[in-house]
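Read through the structure below, which is laid out as structure tokens, and then see the notes.
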2 protein chains.
Amino acid sequence: MNGHSGVPPDIQPVAAVLAEIPLFRVLGESGIVSTARAGLARRYRTGQIIFHQGDPGESLYVLLDGLVKVVFTTEHGDEIVLNILSRGDTFGEMALLDGSPRSASIVTARPSWVFALPRARLLELMREHPGLADEFLRMLGHMVRRLTGQAADLAFLDLGGRLAKLLLQLAGKHGTTEGVVNLPGLTQSDLAALIGATRPAVNRALQSLVSRHLIAIEGRTITLLDVAALRKRGGL
Amino acid sequence: MNGHSGVPPDIQPVAAVLAEIPLFRVLGESGIVSTARAGLARRYRTGQIIFHQGDPGESLYVLLDGLVKVVFTTEHGDEIVLNILSRGDTFGEMALLDGSPRSASIVTARPSWVFALPRARLLELMREHPGLADEFLRMLGHMVRRLTGQAADLAFLDLGGRLAKLLLQLAGKHGTTEGVVNLPGLTQSDLAALIGATRPAVNRALQSLVSRHLIAIEGRTITLLDVAALRKRGGL
DNA sequence: TGCAAAATGTGACGAGGACCACATTCGGAC
DNA sequence: GTCCGAATGTGGTCCTCGTCACATTTTGCA
């Protein structure tokens with residue numbers, strides 16, 4: 001509680017995370033601080049929904065801390081997990097830019113701290129800093145590439161290959177220690193929904209990798225023992 | 001050969017097609033004509049490659065006439081057809097905007113007439129007409145949504161469902177007559193590559209639809225006989 | 001017009017993975 | 001710590017679809 005007049009105490013930590021993100025780095029020191037002031041940071045508990053697929057999109061979000069799932073639901077209720085996001089990742093960009101409804105839902109996989117920047121503020125920022133628009137285009141391009149690869153994986157890799165690839169990606173993006181996938185909150189059902197498979201099939205595939213000493217499982221921590229073999233299994 | 005000084009004879013037809021495209025409509029009458037002058041229209045024969053996946057991206061393309069396939073190739077040589085484009089569609093946007101290499105190849109499926117607009121010209125246009133950048137964001141958003149749906153389809157629909165959905169989409173986007181898919185140049189192998197399946201499997205699925213009177217096949221023309229049933233089969 | 005190459009239609013076989021059903025273990029809330 | 005619900009581990013069955021192999025037709029050239 002050291003806040004002085006007009007300076008909320010939690011601006012600093014928010015700005016610190018924003019400064020780590022390439023998208024916001026183009027704003028410079030002062031731009032980042034004013035951005036942090038322009039939005040609202042909020043905490044969510046595990047299993048909460050930050051927004052629903054179909055909602056109008058009125059904010060851009062930054063995950064300051066925690067873990068969330070990007071979930072796409074079909075008309076029949078089938079769910080596919082499009083992505084797993086952790087500290088420093090952004091979400092909700094798309095609906096903002098073209099004004100269409102949210103194309104997926106965001107569900108927290110563990111307690112999370114989320115920063116929301118209203119659309120109007122973002123547009124102001126983009127007017128002041130043209131580089132920000134470029135960064136957005138870059139980010140969308142990256143998203144298109146990732147989705148293209150995901151579609152190709154679904155078409156060409158078998159379940160075991162998709163799982164091996166997924167484990168490598170998770171270890172790379174969210175891994176704390178090198179070669180360790182330790183994501184409390186991520187269940188085997190989530191893994192299944194990430195690669196378009198059923199939960200029992202994922203379990204069997206995991207056991208198969210264990211028996212071949214490619215990975216080790218203790219509780220919910222997966223250790224990658226043989227990265228080279230996993231890469232090969234994942235078609236890399 | 002009726003060109004007068006500085007006014008190439010084929011500017012008019014190019015401008016006419018550009019005027020049909022929402023992306024360019026924001027430029028207004030004069031902007032469209034100057035755009036048509038700023039690029040280069042070229043003809044390709046069937047089976048030619050307009051650009052290769054991995055090439056540097058130096059132009060935005062507009063398909064003035066014809067039919068092309070967007071082909072993504074994995075490291076192992078497996079191919080998936082991401083999209084089929086016809087008159088008025090654009091391609092090559094992405095590599096342009098984020099400066100990365102072409103993420104897919106473009107192959108003509110029949111003789112095509114293609115307009116290429118150099119990156120520098122496009123950036124000029126975007127400076128003069130801020131609305132153009134908005135249209136680009138809208139277009140990328142749409143692309144992300146389409147790819148998301150494609151991934152979900154691969155995960156949740158069986159081969160027959162994906163095929164039914166594909167036929168409906170093709171009829172809607174490129175159909176000349178209502179409810180008819182008549183795309184010379186599109187083989188069953190292409191259909192297979194569009195839905196991540198093998199050619200024999202697609203053939204069998206087509207025959208199955210024929211035997212249930214959902215479609216009729218004469219040569220390479222497919223007529224949709226029972227759209228409602230097809231929509232149901234495709235999970236809609 | 002005729003010929004080679006490509007595209008189409010089918011058959012047989014097998015494996016991968018979905019689906020259902022259940023025992024067991026784990027983890028979080030009180 | 002205890003308990004209940006969720007997450008994990010397996011088993012068995014069946015069906016889809018990939019794979020290989022071919023005969024037949026169509027297409028696009030020469």
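Residue numbers begin at 1 in each chain, while the letters A, B, ... track the order of the sequences. Because only heavy atoms are used, hydrogens play no part in the values below, and waters and symmetry mates are left out as well, while side chains stay in.
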Option passing side-chain hydrogen bond (donor to acceptor under 3.5 Å, both in side chains) with B/Lys69 (candidates B/Asn83, B/Thr108, B/Asp190):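 Only one of B/Asn83, B/Thr108, B/Asp190 forms a side-chain hydrogen bond (donor to acceptor under 3.5 Å, both in side chains) with B/Lys69, namely B/Asp190.
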Stepwise side-chain hydrogen bond (donor to acceptor under 3.5 Å, both in side chains) check, A/Ser86 with A/His174: CA-CA 7 Å; A/Ser86 59; A/His174 313 286; 2.6 Å; yes
[X] [atom1] - [N] [atom2] separation (whole Å):
X        : N      : atom1 : atom2 : result
A/Leu191 : D/dG9  : CG    : P     : 11 Å
A/Leu206 : D/dT10 : CG    : P     : 11 Å
A/Ile195 : C/dG16 : CD1   : P     : 15 Å
A/Asn203 : C/dC26 : CG    : C1'   : 14 Å
A/Gln207 : C/dT25 : CD    : C1'   : 13 Å
B/Phe156 : C/dA18 : CZ    : P     : 11 Å
A/Arg110 : C/dG28 : CZ    : P     : 12 Å
A/Arg220 : D/dG9  : CZ    : C1'   : 14 Å

I'd like a table of atom pairs between the protein and nucleotides 12-22 of chain D - only N or O on both sides, under 3.5 Å - with the distance next to each one.
residue: D/dG12; atom: O6; partner: A/Arg204; partner atom: NH2; Å: 3.4
residue: D/dC17; atom: OP1; partner: B/Leu159; partner atom: N; Å: 2.7
residue: D/dG18; atom: OP2; partner: B/Thr198; partner atom: OG1; Å: 2.9

- prompt: Is the number of heavy atoms from other residues, nucleotides or ligands within 6.0 Å of NE2 (A/His76) greater than 12?
  reply: yes
B/Asp153/B/Arg146 ion pair, N-O < 4.0 Å: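 Here B/Asp153 does not pair with B/Arg146 in a salt bridge, since their nearest N and O are not under 4.0 Å apart.
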- request: Sorted by first residue and then second, give each salt bridge (charged side-chain N to carboxylate O under 4.0 Å, His left out) pair with at least one member in residues 220-236 of chain A; sequence neighbours left out.
  value: A/Asp158-A/Arg233
- prompt: Does a donor on one side chain and an acceptor on the other come within less than 3.5 Å for B/Ser208 and B/Arg212?
  reply: yes
N or O in side chain of A/Gln188 less than 4.0 angstrom from D/dA7 OP1/OP2: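 Answer no for this pair, as no side-chain N or O of A/Gln188 is under 4.0 Å from OP1 or OP2.
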